[in-house]
J.: 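Submitted below is the structure of interest, expressed as structure tokens.
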Amino acid sequence: MVDLQRQYQHIKPEIDAGIQEVIDSCAFINGPVVKAFQNDLEAYLGVKHVIPCANGTDALQVSMMALDLQPGDEVITASFTFIATAEVIALLKLTPVLVEVDPDTFNIDPDAIRRAITPKTKAIVPVHLFGQCAPMEKILEIAREHDLFVIEDNCQAIGSDYIFDDGSRKKAGTIGHMGCTSFFPSKNLGCYGDGGAVFTDDDDLAARLRVIVNHGMTVRYYHDIIGVNSRLDSIQAAVLKVKLKHLDEYAAKRRAAADFYDRALAGHPKLRIPVRYPKSTHVFHQYTLITRDLDRKGLQDFLASREIPAMIYYPVPLHLQKAYIDPRYKEGDFPVTEGLAKQVISLPMHTELDEEQLAQITSSVLEFINR
Ligand SMILES: *Cc1c(COP(=O)(O)O)cnc(C)c1O
């Protein structure tokens, strides 16, 4: 699905030098490169504070810890997402409230958010799924009306822009009170291990987040609040500092691959190409098709037989996951999500796809669906 080998070969001298510098300095934890990357990312995103942490799941967790929510408080999120989004809500003894997504963009449906609000609702966690933004203006409007926090799960859309009604733009993850990202190797800005970060423009939240990720410690060995140990290590920061410079070029390459797929597959009665949401640029974390009257498993197996990987993101909606079985929900409650789980298939998507590979992938897809 991704080709990190070839991507590395293009930037090898810079990456190797950055890693070597960390090893030479032996400043493995909180070395100067962590701060340098933080500053670069703040400038790139146009956000006041980036708080690096150990992974995207931690980013979501610490951002919710920073809000001082009480057990039983409700947090609304999408029913169609990676499990981490709901996991941290449950882990903190908050109540995840799942809502339906839009069948075109796969992103959280604002009308469904409205219907899910109760006096216990404290926060909304929209996920910018597959690389394009959720409908943030409507979400912000609901949040303002009901005095709710908005935490963007931006693990899949770093670098994409939300386009407001007035034409102004903001980077995904910098629109709500906090935004969370993951630097897992296969993400759009990936390191060579685990990493993550929280973004915010709020000075108080930023200060609190920096204390939480460091054992709740303000003065060394004085712990004012309960925290966690969640750091981005220096070697990962060195890798990210190099790769951040390439992020926009990487997004352009992903878009070019998506354009190729679109041209080859558009209009086929058995497939629907991804719908591009006009209020967001798309950084194509995934290129996800919807199959219609098609043996999806057969297509996946056929592609695999030609050494073309294809993945199902996500085969089981959150409310049907064993660990999250909840009397509030049953099969049939989220027809859009449940339909998507049965119909989606994602094609290889990364920065190193060339025309020959793309042609081979699309002709194989067409060969299977036309036979
Ligand atoms: C990857 C991902 C996460 C978790 O990130 P990790 O760094 O793997 O912990 C959370 N939410 C979404 C939507 C993701 O894609």
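Keep in mind the model is a prediction, meaning the values are calculated, not measured. All ligand and atom numbering here is 1-based and tracks the order in the structure.
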J.: With heavy-atom distances below 4.0 Å as the criterion, list the atoms of ligand 1 near N55.
T.: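 Near N55, meaning under 4.0 Å from one of its heavy atoms, ligand 1 has 7 (O), 9 (O).
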J.: Of the listed options (N154, D153, L60), which comes nearest to atom 12 (C) of ligand 1 when hydrogens are ignored and any heavy atom counts?
T.: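 Looking at heavy atoms only, D153 sits closest to atom 12 (C) of ligand 1.
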J.: Quick check: G56 and ligand 1, any N/O pair under 3.5 Å apart?
T.: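 Yes - when backbone and side-chain N and O of G56 are compared with those of ligand 1, one distance drops under 3.5 Å.
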J.: Judging by distance only, is a nitrogen or oxygen of S182 under 3.5 angstrom from one on ligand 1?
T.: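 Looking only at distances, the answer is yes, because the N/O contact criterion of under 3.5 Å is met.
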J.: By number and element, which atoms of ligand 1 are closer than 4.0 Å to a non-hydrogen atom of V127?
T.: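 Near V127, the atoms of ligand 1 are 13 (C).
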J.: Please give the remaining members of the hydrophobic cluster of F184, linking ILVMFWY side chains under 4.5 Å, ordered by chain and number.
T.: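 None; F184 is a cluster of one.
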J.: Do K35 and N39 touch side chain to side chain, with heavy atoms closer than 4.5 Å?
T.: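 The answer is yes, as the side chains (C-beta and beyond) meet within the 4.5 Å cut-off.
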J.: Kindly confirm or rule out a cation-pi arrangement of R371 over F302, judged by NZ or CZ under 6.0 Å from the six-membered ring centre and within 45° of its axis?
T.: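 Ring-cation test returns yes.
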J.: Quick one: name the residues clustered hydrophobically with I226, using the 4.5 Å side-chain heavy-atom rule over I, L, V, M, F, W, Y, and just say none if it's on its own.
T.: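 None; I226 is a cluster of one.
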J.: Any carboxylate oxygen within less than 4.0 angstrom of a Lys/Arg side-chain nitrogen, looking at D354 and R6?
T.: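 Yes.
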J.: Looking only at protein heavy atoms, identify the closest one to atom 4 (C) of ligand 1 and say how far it is in Å.
T.: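 Going atom by atom, the protein heavy atom closest to atom 4 (C) of ligand 1 ends up being T57 OG1, 3.5 Å.
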J.: Report the part of D58 in contact with ligand 1, treating N, CA, C, O as backbone and CB onward as side chain, heavy atoms under 4.0 Å; options are side chain, backbone, both, neither.
T.: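 Neither; nothing of D58 gets under 4.0 Å from ligand 1.
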J.: Between D68 and K122, is the closest basic N to carboxylate O distance under 4.0 Å?
T.: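 No.
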J.: Check contact between K187 and ligand 1, using heavy atoms of the residue and a distance below 4.0 angstrom.
T.: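 Yes; K187 lies near enough to ligand 1 that a heavy-atom distance drops under 4.0 Å.
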